[in-house]
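Predicted, not measured: the structure shown is a model, and the values here were computed from it.
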Amino acid sequence: MIEVKNLSKHYGDKKAVDNISFTVEDGIILGFLGPNGAGKSTTMNMLTGYISATGGQALINGIDILKDPIKAKEQIGYLPEIPPLYVDMTVKEYLDFIYDLKKCKLPREKHIKQVCNVVKITDVYNRIIKNLSKGYKQRVGLAQALIGNPPILILDEPTVGLDPHQIIEIRDLIKNLGKEHTVILSSHILSEIQAVCDKIIILNKGQVAANDTAENIASAISADNKFTVRVEGPRDKVIDEIDGIAGVVKITPSAEREKDVYDYEVETDGTDIRRMLFRTVVENNWVMLGLKSSELTLEDIFLKITMGEGIKIPTKKKPAAPAKAEEKSEDKKNDKKEDKKPSENKNKKKKSGGKK
């Protein structure tokens with residue numbers, strides 16, 4: 001687990017990172033997003049102990065990165081944006097060097113072989129690094145991060161400069177690594193983040209602007225419940241029937257796509273009307289040719305938060321829910337006690353009446 005508490009980094013009057021706090025739970029892949037200059041790389045450099053913080057704390061599995069950097073760094077595998085490769089070495093020589101540098105205690109030959117199999121570089125094991133393609137160099141960079149089998153991986157732009165085929169390969173590799181490691185992944189390729197990550201943090205101007213799943217952030221930004229349905233049928237009749245479904249707030253038709261085929265934008269009050277909508281179309285012997293949600297994409301979310309619209313999604317505080325639950329349970333207990341009191345009084349009266 002990574003815990004960031006009120007972390008700041010100032011360069012003179014410039015606040016590169018401004019009092020941010022967040023937690024990365026074990027076993028998740030976290031997407032770290034933000035425009036250039038938002039503080040992503042600075043935050044990653046502080047988490048890995050590469051630079052010191054101006055204020056606040058960064059705890060790596062409970063270890064303060066500034067107070068005990070060696071022990072904290074044992075928990076981390078780090079791939080910076082420019083992989084730290086010695087290009088005149090062979091892959092074998094380089095990984096042997098990293099193994100010694102990290103003072104790894106796992107069986108050398110077996111461990112390095114396992115890492116090479118994971119990142120698929122066994123076929124270039126004896127080649128000089130400078131002669132490798134960009135994709136293979138990134139894989140070698142990932143291999144050095146995995147030496148020592150650290151529980152946490154921090155990957156800064158691991159697919160930058162790669163072709164689409166190489167991006168897919170690295171993306172699949174990161175997915176597999178996420179099964180056994182906690183991963184923080186920074187990238188400007190939003191489709192990559194959406195495909196790989198369990199949660200997303202968006203930094204903007206040195207502050208955390210959003211911290212949640214893409215779906216929850218989208219619903220927080222836009223309260224609209226809209227989708228588009230394409231139906232083949234008489235336009236006016238379709239509008240009347242769909243408008244009559246419980247939960248429909250508004251229906252807006254578009255221009256005719258084909259003969260008697262229209263797109264209808266349907267807005268609801270939050271009710272899921274998809275099944276009723278399908279039933280309505282079938283019962284009228286019309287044809288539903290498409291149904292598309294109008295939810296915000298990750299690109300929409302990113303642009304709305306970072307393009308000066310002043311949107312900031314508050315981080316959900318987990319302790320609040322149990323506290324409320326405890327209060328409710330206490331209230332119920334008190335209610336039960338109050339309910340019992342009258343009956344107890346009645347019993348006392350009965351007993352006293354019996355004695356008389």
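- Counting only distance, with no hydrogens or angles, the side chain of K292 and the backbone of F227 share no donor-acceptor pair below 3.5 Å.
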Show your working on side chain to side chain contact (heavy atoms under 4.5 Å, CB included) between F302 and L33 and close with a plain yes or no.
CA-CA 8 Å; F302 182 81; L33 295 174; 4.2 Å; yes
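- Counted by atom type alone, N45 and Y78 present one or more donor-acceptor pairs between their side chains at under 3.5 Å.
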Could you give me the CA-CA distance, side-chain angles and deciding distance for K113 and E109, then say whether salt bridge (charged side-chain N to carboxylate O under 4.0 Å, His left out) is met?
CA-CA 6 Å; K113 186 178 179 181; E109 189 175 339; over 6 Å; no
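- Annotation: side chain of N284 is not in contact with side chain of V282 (no heavy-atom distance under 4.5 Å).
- You'll find the side chain of I121 reaches within 4.5 Å of the side chain of V91, heavy atoms only.
- Side-chain atoms of K40 do not come within 3.5 Å of backbone N or O of D156 as any donor-acceptor pair.
- For the pair E267 (side chain) and K250 (backbone), a donor-acceptor distance under 3.5 Å is absent.
- Although no hydrogens or angles enter the test, the distance criterion places a donor-acceptor pair under 3.5 Å between the side chain of E93 and the main chain of T90.
- In the displayed structure, R274 atom CZ is contacted under 6.0 Å by at most 12 heavy atoms of other residues, nucleotides or ligands.
- Judged purely by atom type and a 3.5 angstrom limit, Q114 has no side-chain atom pairing as donor or acceptor with the backbone of V118.
- Using modelled atom types, one finds a donor on one side chain and an acceptor on the other under 3.5 Å when comparing Y136 with D123.
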List the steps and the verdict of side chain to side chain contact (heavy atoms under 4.5 Å, CB included) for I63 and I65.
CA-CA 6 Å; I63 306 163; I65 190 70; over 6 Å; no
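- Taking the six-membered ring where the residue is Trp, Y99 and H111 present tilted rings, their angle falling between 30° and 60°.
- No hydrogens or angles considered: a donor-acceptor pair under 3.5 Å links the side chains of D64 and Q57.
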Using the rule given for salt bridge (charged side-chain N to carboxylate O under 4.0 Å, His left out), can you reason through D163 versus K134, listing the C-alpha separation, both sets of side-chain angles and the distance that settles it, and then say yes or no?
CA-CA 9 Å; D163 64 41; K134 175 75 173 175; over 6 Å; no
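- Donor-acceptor pairing under 3.5 Å is lacking for the side chains of D198 and T213.
- With hydrogens and angles disregarded, no donor-acceptor distance shorter than 3.5 Å links the side chain of D260 to the backbone of P234.
- To the nearest 0.5 Å, the span separating CD1 on I167 from OG on S187 amounts to 8.0 Å.
- Side-chain contact check for V119 versus L173: some heavy-atom pair is nearer than 4.5 Å.
- The shortest distance between side-chain heavy atoms of I154 and L185 does not fall below 4.5 Å.
- S8 places a side-chain N or O within donor-acceptor distance of the main-chain N or O of N19, the cut-off being under 3.5 Å.
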Working for side chain to side chain contact (heavy atoms under 4.5 Å, CB included), residues E232 and W286
CA-CA 6 Å; E232 182 180 4; W286 303 329; 5.9 Å; no
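- Of the possible donor and acceptor atoms, one in the side chain of H181 sits under 3.5 Å from a partner among the backbone N and O of P150.
- Counting heavy atoms from C-beta on, the side chains of P84 and Y94 come closer than 4.5 Å.
- Judged purely by atom type and a 3.5 angstrom limit, S254 uses its side chain to pair as donor or acceptor with the backbone of D263.
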Stepwise salt bridge (charged side-chain N to carboxylate O under 4.0 Å, His left out) check, D240 with R235:
CA-CA 9 Å; D240 288 342; R235 179 177 176 274; over 6 Å; no
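- Side-chain contact between F278 and T280 is absent, with no heavy atoms from C-beta onward closer than 4.5 Å.
- With contacts defined as side-chain heavy-atom distances shorter than 4.5 Å, the pair I2/L59 does not qualify.
- Each of K120, K175, R139 was scored for a salt bridge (charged side-chain N to carboxylate O under 4.0 Å, His left out) with E169, with one residue passing: R139.
- Residues I128 and V87 fail the side-chain proximity criterion, which asks for heavy atoms closer than 4.5 Å.
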